[in-house]
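The structure appears below as structure tokens.
Keep in mind that this is a model prediction, so the values were computed, not measured. All values below come from the heavy atoms of this structure, side chains included, with hydrogens, waters and symmetry mates left out. In what follows, chains carry the letters A, B, and so on, assigned in the order in which the sequence lines appear, proteins first and then strands, with residues in each chain numbered from 1.
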Amino acid sequence: MDFTLDSEQTALRDAVRGLLGKAYDSSETRRQVTKTDPGWDEKTWQRLAEMGALGLPFAEEDGGFGAGPVEVAIVAEEIGRVIAPEPYVEAVVLAGGLVAAAGTAEQRAEILGALAEGTLVPAFAHTEPASRYSETPTVTATTSGGAWTLTGVKEPVLGGGRADLLIVSALVEGGTGLFLVQPDAAGLTRTSYSTFDGGRAARVALDATPATPLGAPGADQSAVIATAIAGAQIAYGHESLGAMAFALETTTEYLKSRKQFGVPLMTFQALTFRAADMYVSLELARSTVTWATLVQLDGDPADLHEAASRAKLQVSKAGRHIGQEAIQLHGGIGMTAEYSVGHYTSRLTAIDHALGDGRHHLTALSRTIDGHTIVDPLP
Amino acid sequence: MKLQLSPEDAAFREEMHAFFTTQIPQDIRETVAARRELSKEQIVRSMQAMNAAGIAVPNWPVEWGGKDWTPLQRHIWHEEMQLAGVVPPLAFNASMVGPVIAAFGSQEIKERFLPKTANLDIWWAQGFSEPDAGSDLASLRTTAVKEGDEYVVNGQKTWTTLGQHGDWIFTLVRTDPTVKKQAGISFLLIDMTSPGLTVRPIELIDGSHEVNEVFFDNVRVPVSNLVGEENKGWDYAKFLLGNERVGVAPVGSTKRTLAQAKEYARTAGPGGTSLLEDPLVAAEIAELENDLLALELTALRVVANSADGKPHPASSVLKLQGTVLQQAVTELWVDLAGPNALATGAGEGSDVPDLARTTTPNYLNYRKASIYGGSNEVQRQIIAGTILGLRG
Ligand SMILES: Cc1cc2nc3c(=O)[nH]c(=O)nc-3n(C[C@H](O)[C@H](O)[C@H](O)COP(=O)(O)OP(=O)(O)OC[C@H]3O[C@@H](n4cnc5c(N)ncnc54)[C@H](O)[C@@H]3O)c2cc1C
């Protein structure tokens, strides 16, 4: 048992931190970047590609670097520290994860190679306006003479407007299929808009839109989808850890420097105790998320979904707690768009509601309590 | 990074599991499972069974019966013990006075006390708190004045847990009233049969007799009972309280009581139906399980990577969150018992299950957990001050 990074992993962390720290040296820089489409910086994405960050989870023969969930976690956490708007979890972990798991050798090499190089940014079009967190789509797939078309609406699709390739889930006979849709496909209408956290989402309307099956035509890919989502939930957990750690640091610094009644705010125990509780929330979330990553790394694959749910629940609670308190302990300045903490709270809220919020995962977990006596974290 | 235990640690876990589930007398584990109070005799037998196997005081130096275990192995030992429903070695002996004597006592004092302390031939009581010295322990006023080769002790200790069983009491006493309060304290061992020493019971809110007041009226204590140096007692106390805090996150026992609560809930609904079908009950249990998992993993993070001897910053979370969850499970038990929780005094002819009758006394009793061993406010103060650097 070991919860520490090895020297290569530490070097990766330092490199990503260096790169992102330069790219997002202030809250204002991020604000400038998120103001204009696509809501993130193509140059920063290219630099991440050059350092190898975008190809980390993919096999070498597919154009990746054959690294694992720990390396992905490291990048995601650094993304979270500066709340970089680049779609690392969405494009690399989630969309890329689907291609890696379901794609044919040819599809993998083509898509993942380009994704790793930073030249192709895919998005997973899965959520539907009435689906909440359900995994069964209403978008339908029809085939005639070997050609497939999709019909229906996906929304909100994170990064769906800018995406160079859409991976769309659709109903096939006997389950949920995955399809590749090109940006210029007939009958495809994408309407992009901003999300509250500075990101972009789109309404993606498909009207008999030509699509290519990802992997075996007509196959049920529900299991693949669930696994890719679990991976993304865990990576989002790390992104949140980075964001929560920063929010706590910023709050702590503020309590030291801000003076009222002639003394620093940290004189008031009502405030420092709340900061202490934020630390407790952060460490508890860190433990669970790190554990889920290790389950993904070398645990039983059958345990992955539950581990991801557990991590997502803990992060949801911690993210709300830390996000809300970070603003409160700053007073008025915490409310402003000019200052950083509010944006962290905003991003934590967005992550919470992507791929299942805390309540959703608690409901799922509460249905499993009868199946075990105790929860044993060790394999 | 790696989740799996090494083959040695996995084997160690098996070995501990086997020991605690077969080598500790059945009646003791059954009393714990029934959530009943253990007798003095049972606590002694349990610790002696562990000591006979050489695993009662693994945290001590090897030459005094300790084990060369890693922090992770010590954690596994502690967890397996609690999961098996085995009462941990008496903390006053094993985690408090033993390590202090081993670290700071003279050879003579070590020989005199350590073997008997490990075997619970001496039952120690902790005489730190006083009526006016609680969280601010250093303001204690019990005095020890040297007269020849004796100290004459006067004053009062309070909250002395299980002092009614105590053979000896380790105390903090003021030996120099003229200096800064921390600098005038000594660590003195006192025979509880000494003339002038009286123990008076304090009844707690659950009706139990668990704590006492201890009065010292010109109690004469040989100077040879002083541990370490005179006026250095505060350093030893800080060392002791540091150990106490780490030992105090009761993950395994809370997991066990939660599992037991779940089992109880299975037939606790109206007409013997399952309360686990109630979505609010199920959600509360699921959330507690998840929070306990987070706590256990935090404990594992701390022990798996603290080989360099420095305390891991996250260890400060353990006492605070450990007691929060310990208390939350006792509260859940009362809710599961429902109206039966009122039947605390029910006797032989009652139809109320035994387990339901003890829920409220347990719940009330465990309010103590966030008060002793450094209250949860003190824990927050430590986190804010030492980890976050927030100093008022
Ligand atoms: C069941 C039980 C068993 C015990 N067993 C023993 C024993 O065997 N031996 C022994 O020596 N002692 C024992 N204690 C005593 C225990 O250590 C003290 O109760 C504890 O140190 C708190 O002191 P106090 O009760 O005087 O409360 P106080 O210190 O008066 O505290 C009252 C309240 O104020 C809070 N508070 C105090 N200072 C601060 C601060 N600076 N900032 C914010 N909040 C603060 C506390 O957290 C608490 O909520 C036991 C206590 C209990 C309840």
Side-chain angles (χ1 to χ4, degrees), chain A residues 1-6 9 70 73 248-249 251-252 255-256 263-269 271-280 283-288 290-291 293-295 297-299 309-310 313-314 317 359 361-370 372-379, chain B residues 1-6 9-10 13 72 83 252 255-256 258-260 262-263 266 274 276-277 279-287 289-305 313-314 316-317 320-321 324 377 379-385 387-392:
Chain A
M1 177 175 294
D2 182 9
F3 292 92
T4 53
L5 302 179
D6 64 27
Q9 290 164 339
V70 177
L248 175 57
E249 280 163 30
T251 305
T252 306
L255 294 179
K256 290 178 191 168
V263 291
L265 290 178
M266 70 173 164
T267 313
F268 304 115
Q269 210 180 45
L271 306 181
T272 59
F273 274 24
R274 286 163 75 172
D277 284 337
M278 291 163 77
Y279 176 79
V280 172
E283 286 307 315
L284 293 172
R286 182 177 295 288
S287 300
T288 308
T290 307
W291 166 76
T293 309
L294 296 183
V295 170
L297 176 72
D298 64 9
S309 264
R310 292 193 176 285
L313 169 57
Q314 206 64 35
K317 292 205 301 186
R359 186 173 293 132
H361 289 287
L362 180 58
T363 303
L365 289 168
S366 69
R367 297 201 174 108
T368 69
I369 55 167
D370 222 358
H372 53 255
T373 314
I374 55 165
V375 178
D376 184 355
L378 299 180
Chain B
M1 287 217 189
K2 186 172 176 47
L3 185 58
Q4 260 104 354
L5 292 175
S6 67
D9 288 338
R13 192 187 195 199
L72 176 59
L83 285 172
K255 272 169 84 173
R256 187 174 42 70
L258 180 58
Q260 216 185 347
K262 212 159 65 168
E263 183 58 37
R266 251 178 217 126
S274 176
L276 299 181
E277 308 287 315
L280 291 185
V281 171
E284 192 176 340
I285 292 175
E287 191 165 2
E289 285 188 342
N290 219 48
D291 285 342
L292 265 170
L293 171 71
L295 175 68
E296 177 173 8
L297 289 164
T298 305
L300 282 169
R301 268 174 65 209
V302 167
V303 294
N305 299 111
S316 59
V317 167
L320 176 55
Q321 181 69 2
V324 165
E377 289 72 33
Q379 303 301 330
R380 288 188 177 88
Q381 183 85 352
I382 292 171
I383 293 172
I387 299 178
L388 302 179
L390 296 170
R391 295 171 210 276

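Note: S287(A) leads G299(A), S366(A), S287(A) in heavy-atom pairs under 4.5 Å with chain B. For chain B, the option among L248(A), T288(A), L271(A) with the highest count of heavy-atom pairs below 4.5 Å is T288(A). Chosen from I285(B), L293(B), L83(B), the residue pairing most often with chain A at heavy-atom distances under 4.5 Å is L293(B). Ranked by heavy-atom pairs shorter than 4.5 Å toward chain B, the options L365(A), L255(A), V280(A), L362(A) are led by L362(A). Chosen from D291(B), L72(B), V281(B), the residue pairing most often with chain A at heavy-atom distances under 4.5 Å is D291(B). Top candidate by heavy-atom pairs under 4.5 Å with chain B, chosen from T272(A), D298(A), T252(A), is D298(A). For the set L295(B), L292(B), L5(B), the entry with the most heavy-atom pairs within less than 4.5 Å of chain A is L5(B). Top candidate by heavy-atom pairs under 4.5 Å with chain B, chosen from L5(A), T293(A), T267(A), T4(A), is T4(A).
With a threshold of 4.5 angstrom between heavy atoms, L297(A) approaches chain B through side-chain atoms but not through N, CA, C or O. Of the atoms belonging to L388(B), heavy atoms from both backbone and side chain fall under 4.5 Å from chain A. In this structure, chain A has no heavy atom under 4.5 Å from any part of Q260(B). Looking at D370(A), both its backbone and its side chain come within 4.5 Å of chain B, counting heavy atoms on both sides. There is no contact between D9(B) and chain A, counting heavy-atom distances below 4.5 Å. Neither the backbone nor the side chain of L258(B) has a heavy atom closer than 4.5 Å to any heavy atom of chain A. Residue contact with chain B, scored on non-hydrogen atoms closer than 4.5 Å, involves the side chain of V70(A) exclusively. Neither the backbone nor the side chain of L265(A) comes within contact range of chain B, judged by heavy atoms closer than 4.5 Å. Interface residue S6(B): only backbone heavy atoms are found under 4.5 Å from chain A. Only the side chain of T290(A) has a heavy atom closer than 4.5 Å to any heavy atom of chain B. Interface remark: Q269(A) contributes side-chain atoms only to the contact with chain B (heavy atom separation under 4.5 Å). Neither the backbone nor the side chain of S274(B) has a heavy atom closer than 4.5 Å to any heavy atom of chain A. The part of Q321(B) that comes within reach of chain A is its side chain, from C-beta onward, which places non-hydrogen atoms under 4.5 angstrom from that chain. Only the side chain of L320(B) comes within contact range of chain A, with at least one heavy atom under 4.5 Å from a heavy atom of that chain. Contact of V263(A) with chain B is not made at all, since no heavy-atom distance falls under 4.5 Å. Residue contact with chain A, scored on non-hydrogen atoms closer than 4.5 Å, involves the backbone and the side chain of E377(B) alike.
Other residues, nucleotides and ligands contribute over 12 non-hydrogen atoms within 6.0 Å of the CZ atom of R266(B).
Interatomic distance, CG of L378(A) versus CG of L297(B), reported as 8.0 Å (0.5 Å rounding). To the nearest 0.5 angstrom, W291(A) atom CH2 is 15.0 Å from M1(B) atom CE.
Between K2(B) and L294(A) there is no side-chain heavy-atom pair separated by less than 4.5 Å.
Contact record, K256(A) with L390(B): CG-CD2, 3.8 Å, taken as the closest heavy-atom pair. Contact record, E296(B) with V375(A): OE1-O, 4.1 Å, taken as the closest heavy-atom pair. When all heavy atoms of T373(A) and E289(B) are compared, the closest pair comes out as O-OE2, 4.3 Å. Residues L3(B) and P377(A) come closest through the heavy atom pair CD2-O, 3.8 Å. Listed here is the closest heavy atom pair of E287(B) and K317(A): OE2-NZ, 2.8 Å.
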R380(B) vs D277(A), test: side chain to side chain contact (heavy atoms under 4.5 Å, CB included). Steps then yes/no.
CA-CA 7 Å; R380(B) 288 188 177 88; D277(A) 284 337; 2.8 Å; yes
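In terms of modelled atom types and a separation under 3.5 Å, the side chain of N290(B) and the main chain of R310(A) share a donor-acceptor contact. Judged purely by atom type and a 3.5 angstrom limit, K262(B) uses its side chain to pair as donor or acceptor with the backbone of H372(A). A donor-acceptor pair under 3.5 Å links the side-chain atoms of R301(B) to the main chain of E283(A), judged by distance alone.
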